[in-house]
Every structure is written in structure tokens, then in C-alpha cells.
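Not measured: the values here are computed from a predicted model.
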Amino acid sequence: MTNYFTTAKYRPHNRKDHRHDLPCLHLKIGGREFETYDWSLGGFRIDDFKGRPQVGAQVTVSHMSYDPDSVTDVNSTATVTRILIGKNQVAYAFNELDEKAYELLEIARKRRLSHLSTK
């Protein structure tokens, strides 16, 4: 019997937390500010990244917001899990989320429904 392994767009995602593109999160990583391409409680992906961090590199997320008028200071860590070279995107997985970061992500997850209703 032949075993088949499905790849690329035909392979379903096997992730615990569903990624959201709205609302866009604003993060501060190592003194630089980024907007997320998508995010979840498990991690995030940033677009238009200049430079190439190494897979496995750990970063500290010090600020997080989904509303530019309301920035929350957080102390969370994430690890680079993959780099999408053709898209200049970097995917991160959260190692640790402090309580404030977790609460902000939970609120953003609930608020995404109001963002979707206005689109």
C-alpha cells in the first residue's frame, strides 16, 4: 500500500488556535514596531520584515495593542518558527504570555466580530 503525504494548499492546518487577520495588532519587538499580518493566542506573523532573524531566535514583545490610542505594556516572549522568504514574512510562536497580553488577545478576539460587521 502506498502512503501519501499532502502538502501545500491541499493540506489542512493543524493548529490549536485559529489565526485572525482582524483586528490588526500593533506590537513592539526589541524596540521596533510592527503590525501583524495575522495572529492567535499561539503566535503571530508580521509582514514586510526587513532582515532575516534565525529560526529559533527568541524575542521580547514589550507593547501590544489593537487600538492605536490604547497601548498596553506587556512582557511576553516569542520564538521565530518560520520565515516566508518570498513574502518577507516572519512567523512567531508565543513562549510566554503575561496576564495583560493574554487578556488583550482575548478582548481582540471578541472584538474582531465588530470589525468584520463593518467590512
Review item, side-chain donor-acceptor pairs of residues 100-108, under 3.5 Å, at least two apart:
unit_1 : atom_1 : unit_2 : atom_2 : d
Lys100 : NZ     : Asp73  : O      : 3.2
Glu106 : OE1    : Arg109 : NH2    : 3.3
Glu106 : OE2    : Arg109 : NH2    : 3.2

Strictly distance-based, threshold 3.5 Å: is any side-chain N or O of Thr60 a donor or acceptor partner for the main-chain N or O of Ser62? no
For Gly56, is there any backbone N or O sitting under 3.5 Å from a side-chain donor or acceptor partner on Thr79? no
Mind checking the OG1-CE spacing from Thr36 to Met64? Nearest 0.5 Å is all I need. 9.5 Å
Which pair of non-hydrogen atoms, one from Thr81 and one from Ala93, has the smallest distance, and what is that distance? CG2-CB, 3.5 Å
For Ser65, what residues pass the side-chain contact (heavy atoms from CB on, under 4.5 Å) criterion, not counting sequence neighbours? His26, Val71
Check side-chain contact (heavy atoms from CB on, under 4.5 Å) between Phe34 and all other residues, then give those that pass, not counting sequence neighbours. Ile29, Arg32, Ile46, Phe49
Nearest heavy-atom pair of Leu27 and Val61: which atoms, and what distance? CD2-CG1, 4.2 Å
Measure across Val74 and His63 and return the closest heavy-atom pair with its distance rounded to 0.1 Å. CG2-N, 3.9 Å
Applying ring-ring contact (aromatic ring centres under 6.0 Å, His included) between Phe44 and each of Tyr37, Trp39, Phe94, report the one that passes. Phe94
